[in-house]
Amino acid sequence: MSPKRVLIVNGSYPVAGLDIFKKNNVETEVFPHMDYEQDFMEVLKQNLNGYDGLIWNTKHRLTAEILDLAGPQLKAISAMASGIDNFDLDELKKRGIPLGNTPNVLNNAVADIGVGLLISAARKFKEGVSMIERNEWKFGVQWILGQDIAGSTVGVIGLGGIGQAVVRRLKGFDVSRFLYCGRSDKPEAKLLGVERVPLQELLEESDFVVLVCPLTNETRHLINADTLKMMKKNAVLVNIARGEIIDHVALYEALKNEQIFAAGLDVVSPEPIPADHPLLALPNCYLIPHLGSATIETRNKMAVNAAKNIILAFEGKSMLYPTY
């Protein structure tokens, strides 16, 4: 029997994952790293057929058309990410193709970024660095004043693994109260001392709002002109989830008009964000290029788990992290 073949849809896939395939006698083909070039998908479509598995580690959406081009021998797919919003789940289920992802291993890395953004936005890092670069360092007790974390109320929208990791880190900052909202009660909330409240109450009472929820039809543009009006004037909004959860036009207006204090964003829409996007010109919007899980150790673990998902499916076993 010839070895199974897996197409990896991103040329920057870590060697740690390739080694797992090699040890299990699985052949791999790594598609060139050209994620943001216009012809990426067109070239990919011409090279999909004949593989037993896919590592879909790209921002592009996996659709019925892609599955048709891949052919009937395709038996397993894994993301190299926690989120699966770029997969047509109904189509995959209809075809009986298992889909895996790589949650949990990235919780700490993403939570670190969330706390870093929270501090950076609250303490006006962007404005301060910009003034240094323009040789405008000033003195005075009213210069570049930020917001305190100690004694504050922190609202977490989505208390999954990453949200819990954010709360654990912020415990050391003497936060007065933690709130969360979500579709169901989280048993971990009581242990962490986090209170479940409706979304409106969370937005109205929180000094810091951290978005850690998945992107769904219900959460798309959850933060919009109406919900931004519910937030405090001193509120800091942090997004480490998905860019589409925020209406960026509404956010721009809220930040420009000082309706809220600041925002710290690791994710935006679109990605990459155009250099002339209005948000980038605002001193109270601190933005970084989707660095959430970008540590060497975390990305290696994600690659390994994605490979294990595929290999287990080839063996007729449940994936390490099945999504359904």
Scan side-chain atoms only and decide if Glu244 and His221 contain a donor-acceptor pair under the 3.5 Å cut-off. no
Assess the side chains of Thr63 and Glu65: does a donor N or O sit below 3.5 Å from an acceptor N or O? no
Taking the side chain from Gln73 and the backbone from Ala70, do they hold a donor-acceptor pair closer than 3.5 Å? yes
Judged by modelled atom types alone, do Glu204 and Gln200 share a side-chain donor-acceptor pair under 3.5 Å? yes
Restricting to non-hydrogen atoms, name the atom on Asp148 and the atom on Phe208 that form the minimum distance, rounded to 0.1 Å. O-CE1, 3.5 Å
Measure the SG-CD1 distance between Cys213 and Ile245 for me, rounded to the nearest 0.5 Å. 3.5 Å
Side-chain (Asp207) to main-chain (Thr153) donor-acceptor, under 3.5 angstrom: yes
N/O donor-acceptor pair under 3.5 Å between Thr227 side chain and Asn224 backbone: yes
So, is the end of the Lys4 side chain (NZ or CZ) under 6.0 Å from the ring centre of Phe314 and within 45° of the ring's axis? yes
Side chain to side chain contact (heavy atoms under 4.5 Å, CB included) test vs Thr323 passes for just one of Asn101, Ile77, Leu92, namely Asn101
Is a donor on one side and an acceptor on the other found under 3.5 Å between the side chain of Thr219 and the backbone of Pro214? yes
Determine whether the side chains of Asp266 and Asn239 contain a donor N or O and an acceptor N or O closer than 3.5 Å. no
With a 3.5 Å distance limit and no angle check, can you tell me whether Arg61 reaches the backbone of Asp85 through a side-chain donor-acceptor pair? yes
Looking only at atom types and distance, does a side-chain atom of Asn284 sit under 3.5 Å from a main-chain N or O of Glu258, one as donor and one as acceptor? no
Looking at every non-hydrogen atom in both residues, tell me the closest pair between Arg242 and Gly83 and how far apart they are. NH2-CA, 3.5 Å
What residue among Ile66, Leu54, Leu69 forms side chain to side chain contact (heavy atoms under 4.5 Å, CB included) with Leu74? Leu54
So does Met319 get a backbone contact from the side chain of Lys308, meaning a donor-acceptor N/O pair under 3.5 Å? no
Polar contact flag, side-chain donor to acceptor under 3.5 angstrom, Asn309-Ser78: yes
Gln164 side chain vs Leu159 backbone, donor-acceptor pair below 3.5 Å: yes
Answer yes or no for Lys93 and Tyr324: cation-pi contact, defined as NZ/CZ to six-membered ring centre under 6.0 Å and angle to ring axis within 45°. yes
For the side chain of Ser130 and the backbone of Glu127, is there at least one donor-acceptor N/O pair under 3.5 Å apart? no
Using a 3.5 Å distance criterion without hydrogens, assess whether the side chain of Asn86 forms a donor-acceptor pair with backbone atoms of Thr58. yes
Derivation of the side-chain contact (heavy atoms from CB on, under 4.5 Å) call for Leu18 and Val30: CA-CA 9 Å; Leu18 295 175; Val30 181; 4.1 Å; yes
